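Worksheet: the structure to be examined is printed underneath.
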Amino acid sequence: MERTATCVCGQLTVGCKGEPARVSLCHCLACQKRTGSTYGIAAFFRREDVELKGRARRFMRSSDSGYEVTFHFCPDCGSTVFWEPHRKVDMIAVAVGAFADPAFPPPSQAVYEEHRHPWVSIIHPSRPASPLW
Ligand SMILES: [Zn+2]
Ligand SMILES: [Zn+2]
């Protein structure tokens, strides 16, 4: 299986081999700000299974866990396509929406549930939830 995530204008792409190690939905307020939506959703792939192409700008912020995260977004259209959780340096998080594929594997966990908008469905995790950043 090979999938490609792209920004809206298409110049920044991430090719991903195999299935994601984890798909995680995040209700935190920083993800709400970043996406302009009510949650963020990330697919985690091993770094060696990911191929990055195109130009990106970076934005680094610390997370509630105290680790930093570096977000990479397209300088032309502004889409965040992937990010690097410093807590898990062997992994790349790819924005699930950037695959534009409704058949993409669903999230297996949700974190920062306390910030969930009440109309967003509750994820019933297949394993205990833990933030990866
Ligand atoms: Zn773009
Ligand atoms: Zn978040």
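These numbers were taken from a predicted model, which means no experiment stands behind them. Counting starts at 1 for both ligands and their atoms, following the listed order.
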Practice task
Assess Cys28: does it contribute an N, O or S atom lying under 2.8 Å from the Zn ion (ligand 2)?
Solution key: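 Yes, Cys28 qualifies, because one of its backbone or side-chain N, O or S atoms lies under 2.8 Å.
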
Exercise for the section: To the nearest 10 degrees, could you say what angle the Zn ion (ligand 1) makes with SG of Cys7 and SG of Cys74? Expected result: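 Approximately 110° at the metal, rounded to tens of degrees.
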
Handout entry: Opening angle between SG in Cys77 and SG in Cys9, taken at the Zn ion (ligand 1), to 10 degrees
Key =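 That angle works out to 120° after rounding to 10°.
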
Handout entry: Ring geometry between His27 and Tyr39 (parallel below 30°, tilted from 30 to 60°, perpendicular above 60°)
Key =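 Rings of Tyr39 and His27: perpendicular, as their planes differ by over 60°.
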
Problem - N/O donor-acceptor pair under 3.5 Å between Ser63 side chain and Tyr67 backbone - result: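 Answer holds: yes.
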
Exercise for the section: Give a yes or no on whether the backbone of Val8 and the side-chain of Ser79 come within a donor-acceptor separation of less than 3.5 Å. Expected result: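 Such a contact is found between Ser79 side chain and Val8 backbone.
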
Handout entry: Contact check, side chains of Ser121 and Ile123, non-hydrogen atoms, under 4.5 Å
Key =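 They are not in contact (no side-chain heavy atoms under 4.5 Å apart), so the answer is no.
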
